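Presented below is the structure to which this report refers.
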Amino acid sequence: MEDVMRTVKSADPATHCHIEDAVELNDDRDAQSVHPSVDHAEIILIRHGQTDWNIDRRIQGHLDVKLNEVGRQQTCVVADRLSKEREISAIYSSDLKRAIETAEVIAATCGVREVIKDPDLREQNPGKLQGLSSKEAASLYPQIYEAYRSRSCDQEIPDGAESKDQVYRRCTSCLQNIGLKHKGERVVVVTHGTVHRSIYRQARPNEGPSPKVQNGSISILHLFSRDDWVIKSWGDHSHLNETEEKL
C-alpha cells in the first residue's frame, strides 16, 4: 500500500531536483480520509495549455507565448471538467499570457468573476536562453545551458538567470499565502512546469524524482498550514483523452 501523501516539510529540503516522465500519484487512503473542510484549502493546480514552443522544445521562460489550437482545446476540456465539480472560490494565475489564457477560459466556464494574476507564479527566468531551442542554447551558451539543465536546485545560473531554488522560494511562498487565505475553499492556480516541480518538492521533500506534468493536467493539493501539504493526485490528464496530443 502506498504511503499517505501528507508530509510536514523538513527544515532542509532536498537540494537536488529530478525530472521523470509524467505519472499519476493517487493515494486512495488519503482521498478517503481527508475531506474538504475549514482546516485546509483545496488547491487545483493546472499547467497551462500547450503552445507551439512546447512542441518545438523552445525555452519560453518569461516571454509571452500564446496557446496553440491544441492548447485552446485542452483549456476548454479542463474548464468543462472543473465546471462539473465543486464550486471554485477563486482563480489565481501566472501573469504570463499562456497561463492567463488558460485561467480566463476556466473563469468564464466556472462562473468566477476575475483571474488574480501573480508574477510569483511565473515560469523560471532562464536569462539569455529565452526564446532559444535546446539545441541553440547548448551551442550558443554552453556553460549557461549546462547550469540551467543541472539537477542541483541551488545551481547558480550566469548572467542574471533564475536558479531553481529562487523559483522554489517565490512560488511556494505564494501558494502558502493563497492556502492560508482560502481555508475551507476550493481554489484554482494556473502555472508552469518548473513551478509544479517546486511545489512537489515542497509537499514531498524526501521523495525521489519529481514527476513531469503535461500541459492541461490537473493536480490536487490540500494545504493545512505553511509547511503541512497533502498531495491528493498529481498530473491527472485523463480528461485530455479526446484532444489532439502532440507532446
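What you see below is based on every heavy atom in this structure, not just the backbone, and it leaves out hydrogens, waters and symmetry mates. In this text, all values refer to a predicted model and were calculated from it rather than measured experimentally.
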Legend entry - Pairs touching residues 49-85 that satisfy ring pair (Phe, Tyr, Trp, His ring centres under 6.0 Å), sequence neighbours left out: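 Listed once each, the pairs would be none.
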Inset, instruction - Among residues two or more places apart or on two chains, list those pairs meeting ring pair (Phe, Tyr, Trp, His ring centres under 6.0 Å) that have a residue in residues 92-147. - result: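 Residue pairs passing ring pair (Phe, Tyr, Trp, His ring centres under 6.0 Å), neighbours aside: Tyr92-His182.
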Inset, instruction - Start with the C-alpha distance between Gln50 and Asn68, add both sets of side-chain angles, then the distance that settles side-chain hydrogen bond (donor to acceptor under 3.5 Å, both in side chains), and finish with yes or no. - result: CA-CA 6 Å; Gln50 186 187 90; Asn68 62 18; 3.0 Å; yes
Legend entry - Derivation and outcome, side-chain hydrogen bond (donor to acceptor under 3.5 Å, both in side chains), residues Asp154 and Ser152: CA-CA 6 Å; Asp154 59 359; Ser152 179; 2.5 Å; yes
Legend entry - Side-chain donor-acceptor pair present, Asp227, Ser225, cut-off under 3.5 Å: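 There is no such pair (donor and acceptor under 3.5 Å, judged by atom type) between the side chains of Asp227 and Ser225.
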Inset, instruction - Ignoring hydrogens and angles, state whether a donor on the side chain of Ser94 or His192 is under 3.5 Å from an acceptor on the partner side chain. - result: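 There is such a pair (donor and acceptor under 3.5 Å, judged by atom type) between the side chains of Ser94 and His192.
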Output the distance between atom [atom1] ([X]) and atom [atom2] ([Y]), rounded to the nearest 0.5 Å.
{"X": "His48", "Y": "Leu121", "atom1": "NE2", "atom2": "CG", "result": "12.5 Å"}
{"X": "Cys171", "Y": "Gln124", "atom1": "SG", "atom2": "CD", "result": "10.5 Å"}
{"X": "Ile44", "Y": "Ile218", "atom1": "CD1", "atom2": "CD1", "result": "7.5 Å"}
{"X": "Ile144", "Y": "Glu146", "atom1": "CD1", "atom2": "CD", "result": "11.5 Å"}
{"X": "Ile88", "Y": "Glu42", "atom1": "CD1", "atom2": "CD", "result": "10.0 Å"}
{"X": "Leu240", "Y": "Ser238", "atom1": "CG", "atom2": "OG", "result": "8.0 Å"}

Inset, instruction - Give the cluster check for Val195 versus Leu223: same hydrophobic cluster or not, with ILVMFWY residues linked at side-chain heavy-atom distances below 4.5 Å. - result: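 Yes; Leu223 is reachable from Val195 via cluster members.
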Inset, instruction - In sequence, state the C-alpha distance, the side-chain angles, and the governing distance for Ile100 and Lys117, and then conclude on side-chain contact (heavy atoms from CB on, under 4.5 Å). - result: CA-CA 8 Å; Ile100 293 173; Lys117 304 172 187 68; 3.8 Å; yes
Nearest heavy-atom neighbours spanning [X] and [Y]:
{"X": "Pro126", "Y": "Ala161", "value": "C-CB, 3.6 Å"}
{"X": "Asp56", "Y": "Ser133", "value": "O-CB, 4.5 Å"}
{"X": "Pro205", "Y": "Gln202", "value": "CD-O, 3.6 Å"}
{"X": "Ala137", "Y": "Ile59", "value": "CB-CD1, 4.1 Å"}
{"X": "Val115", "Y": "Ser93", "value": "CG1-CB, 3.6 Å"}

Inset, instruction - Please step through side-chain contact (heavy atoms from CB on, under 4.5 Å) for the pair Lys66 and Glu101, ending with a clear verdict. - result: CA-CA 8 Å; Lys66 65 181 181 180; Glu101 283 188 70; 3.2 Å; yes
Inset, instruction - Kindly indicate, with the supporting measurements, whether the criterion side-chain contact (heavy atoms from CB on, under 4.5 Å) is fulfilled by Ile106 and Ile46. - result: CA-CA 10 Å; Ile106 295 169; Ile46 298 168; 3.6 Å; yes
Inset, instruction - For side-chain contact (heavy atoms from CB on, under 4.5 Å), just list the numbers for Glu123 and Arg98, CA-CA rounded to whole Å, side-chain angles, deciding distance to a tenth of an Å, and then say yes or no. - result: CA-CA 11 Å; Glu123 180 57 280; Arg98 54 195 183 273; 3.8 Å; yes
Between [Y] and [X], is the closest basic N to carboxylate O distance under 4.0 Å?
{"X": "Glu207", "Y": "Arg201", "result": "no"}
{"X": "Asp95", "Y": "Arg122", "result": "yes"}
{"X": "Asp120", "Y": "Arg170", "result": "no"}

Which pairs of donor and acceptor atoms, one on a side chain in residues 76-85, lie under 3.5 Å apart (sequence neighbours left out)?
from  : atom 1 : to     : atom 2 : distance (Å)
Asp80 : OD2    : Lys84  : NZ     : 3.1
Arg81 : NE     : Glu85  : OE2    : 3.2
Arg81 : NH1    : Asp236 : OD2    : 2.9
Arg81 : NH1    : His239 : ND1    : 3.0
Arg81 : NH2    : Asp236 : OD2    : 3.1
Ser83 : OG     : Asp80  : O      : 2.7
Glu85 : OE1    : Arg186 : NH2    : 2.4

Inset, instruction - May I ask you to check whether Trp229 and Phe224 place their ring centers less than 6.0 Å from one another? - result: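 That pair fails the under 6.0 Å test.
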Legend entry - Worked verdict on Arg226 versus Asn177 for side-chain hydrogen bond (donor to acceptor under 3.5 Å, both in side chains): CA-CA 8 Å; Arg226 287 194 175 275; Asn177 291 334; 3.0 Å; yes
Inset, instruction - Would you indicate whether Glu136, at its atom CD, is surrounded by more than 12 heavy atoms from other residues, nucleotides or ligands within a distance under 6.0 Å? - result: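 For Glu136, atom CD is crowded (more than 12 foreign heavy atoms under 6.0 Å).
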Inset, instruction - Answer yes or no: are there more than 12 heavy-atom neighbours, outside Glu156 itself, under 6.0 Å from its atom CD? - result: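 No, the 6.0 Å shell around CD holds no more than 12 heavy atoms from other groups.
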